[in-house]
Chemist: 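Structure provided below as structure tokens; questions to follow.
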Amino acid sequence: MNIEQCINSANEAHSSGNTDEAMLWLKQAGELGDINAALDYAYYKSGENPNESVAFLDGAGCADSPVVQFHKLLIGYFGDIAWNPKFVAQTLLSLGEEGVIEAYLVTLSYLSVESSAFSYIAGKVCHLAPNISSQLKLTSEVSVSTALSAHQQTVDELSSALIRVYEPSKILDKSLPIEVYESILSEYECRYLITKFNALLKPSMVVDPVTGRGKIDSVRTSYVAVIEPAHCDWITRKLDKTISQITHTLRQNGEALNLLRYSPGQQYKPHYDGLNEINDALMFKDGKQRIKTALVYLNTISEGGETLFPKLDIRIAPKSGTMVVFSNSDENGKLLLNSYHAGAPTVSENKWLVTKWIRECTTMYGNLIYGTYTKG
Ligand SMILES: O=C(O)CCC(=O)C(=O)O
Ligand SMILES: [Fe+2]
């Protein structure tokens, strides 16, 4: 069998609904050196066994490709393989050096935008990928003395950011609770998420109590992009990991991240994120109750656009990079009445945020990306 025959057999198996068989053909094509086939197989297996995916990529015919090395690093890192942070940092930088722009974009997401390490890497991205740099508003004013010390500084800053722990900046309400975490995302990451996913925006839906499916409703007039597994990358996984650490929930219990955009006047009227087991039966099946919500503002809004908790008399003004976390239900899955909340209309600016609803049990999204091995 050659690569082409393996891919044809994979396509045939796939169209007759036999995913496991299709994946075995892709595995074979990957062993023979086909990069896409190798990565498809490795990601497919990674939910259940990241160690096996990493070992497979090491032995694949395309193992030397820097792109394959990048995905191997991603799978291993998020699969909790115990690589030391310095190794991860050094590997990301050397992959960037070999032309894997994504590795540099990931590096930037761990650095403080004011640091000289950030300018050093931004300069490299400007040089290698002017289009991406201008979309992400990166500039190349490198002010570091020597490239060698800049490299070392970047490795140091990146390795310590890889093991960052989060403390709440404010607890707005103790009973629910509602916690606020500042500087969860940098300006660069906010811009990255908006730039990468805004093309996926569609009118938001709410759950129709009759059909259990999504429908357009005046309750929620924003636009939403559901970041499906196929679109997940290192930076969305990094956010999933942060949310799981902050909320003390398992990564596989999360729904997909949603990117929301409210144009002036758009809003999310007061509502509960928690589900009703009977009225929302279809949604309830995928992971049961929504126990917590995490909201991350991607821009700062000067007027309107607050997240409101009318029963608690709490208003939170959106500030870029800030995360708000609150509970929707108690330990028995019963709705917490004080979790009633709204997204007020903005006055003149677009409001951007990323949200995640966290369930009681594993979701389809969580299972696909983080599988059964995940420690959270
Ligand atoms: O826009 C907001 O501030 C709130 C969003 C929200 O309630 C939700 O997405 O569930
Ligand atoms: Fe909500």
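Both ligands and their constituent atoms are indexed starting at 1 by order of listing.
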Chemist: Is any side-chain heavy atom of Ile301 less than 4.5 Å from a side-chain heavy atom of Val347?
Modeler: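 No, their side chains stay 4.5 Å or more apart.
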Chemist: Just by distance, with hydrogens left out, do Thr221 and Gln267 show a side-chain donor and acceptor under 3.5 Å apart?
Modeler: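 No, no side-chain donor-acceptor pair sits under 3.5 Å.
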Chemist: Considering heavy atoms of the protein only, find what lies nearest to atom 1 (O) of ligand 1 and give residue, atom and distance to 0.1 Å.
Modeler: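 Checked against all protein heavy atoms, atom 1 (O) of ligand 1 sits closest to Tyr262 OH, 2.6 Å.
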Chemist: For ligand 1, is there an N or O atom under 3.5 Å from any N or O atom of Tyr268?
Modeler: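 Min N/O separation from ligand 1 is not below 3.5 Å for Tyr268.
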Chemist: Return the name of the atom in Asp273, of element N, O or S, nearest to the Fe ion (ligand 2).
Modeler: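 The atom in question is OD1.
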Chemist: Checking the side chain of Ser140 only, and the main-chain atoms of Gly123 only, is there a donor and an acceptor separated by less than 3.5 Å?
Modeler: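 No, Ser140 side chain to Gly123 backbone: no donor-acceptor pair under 3.5 Å.
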Chemist: What about Glu306: any of its N or O atoms under 3.5 Å from an N or O on ligand 1?
Modeler: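 By distance alone, the answer is no.
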Chemist: So among Val180, Leu336, Leu312, Asp273, which one has a side-chain contact (heavy atoms from CB on, under 4.5 Å) with Phe326?
Modeler: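 So the option named by the test is Asp273.
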Chemist: Rounded to 10°, how many degrees is the angle NE2/His271-the Fe ion (ligand 2)-NE2/His341?
Modeler: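 The angle at the Fe ion (ligand 2) comes to 90°, rounded to the nearest 10°.
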Chemist: So, regarding Arg220 and ligand 1 (criterion: nitrogen or oxygen to nitrogen or oxygen, under 3.5 Å), is there a contact or not?
Modeler: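 Checking ligand 1 against Arg220, no N or O pair falls under 3.5 Å apart.
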Chemist: Taking the side chain as every heavy atom from C-beta outward, state whether Gln135 and Thr195 have any atom pair closer than 4.5 Å.
Modeler: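 Counting from C-beta outward, Gln135 and Thr195 do come under 4.5 Å.
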Chemist: Between ligand 1 and Asp273, is the shortest N or O to N or O distance under 3.5 Å?
Modeler: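 For ligand 1, there is an N or O atom that lies under 3.5 Å from one belonging to Asp273.
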Chemist: Verify whether one side chain among Asn253 and Tyr365 offers a donor that lies under 3.5 Å from an acceptor in the other.
Modeler: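 Their side chains do not contain a donor-acceptor pair, so the 3.5 Å distance test is not met.
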Chemist: Please check if any side-chain donor atom of Asp173 sits under 3.5 Å from a side-chain acceptor atom of Ser175, or the reverse.
Modeler: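 A donor-acceptor contact under 3.5 Å links the two side chains.
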Chemist: Around atom OH of Tyr43, are there more than 12 heavy atoms of other residues, nucleotides or ligands at under 6.0 Å?
Modeler: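 Correct, the count exceeds 12.
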Chemist: Applying the ring-ring contact (aromatic ring centres under 6.0 Å, His included) test to Tyr188, which of Tyr110, Phe118, Tyr104 qualifies?
Modeler: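 Output: one option passes, namely Phe118.
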Chemist: In terms of atom number and element, which parts of ligand 1 are under 4.0 angstrom from non-hydrogen atoms of Thr307?
Modeler: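 Taking each heavy atom of Thr307 in turn, ligand 1 has 2 (C), 3 (O) under 4.0 Å.
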Chemist: May I ask you to list the atoms of ligand 1 that are less than 4.0 angstrom from any heavy atom of Gly343?
Modeler: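 Selected atoms, number and element: 1 (O), 2 (C), 3 (O).
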Chemist: Which of the atoms of ligand 1 are close to Trp357, meaning less than 4.0 Å from one of its heavy atoms?
Modeler: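 Those of ligand 1 that fall under 4.0 Å from Trp357 are 9 (O), 10 (O).
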Chemist: Is ligand 1 less than 4.0 angstrom away from at least one heavy atom of Thr355?
Modeler: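 Flag set, Thr355 near ligand 1.
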Chemist: Take every heavy atom of Leu260, measure it against each atom of ligand 1, and state whether any distance is under 4.0 Å.
Modeler: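 Yes, Leu260 has heavy atoms under 4.0 Å from ligand 1.
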Chemist: Considering His341, Lys351, Lys356 one by one, which has a heavy atom nearer to atom 2 (C) of ligand 1 than any of the others?
Modeler: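 When every heavy atom of His341, Lys351, Lys356 is considered, Lys351 comes closest to atom 2 (C) of ligand 1.
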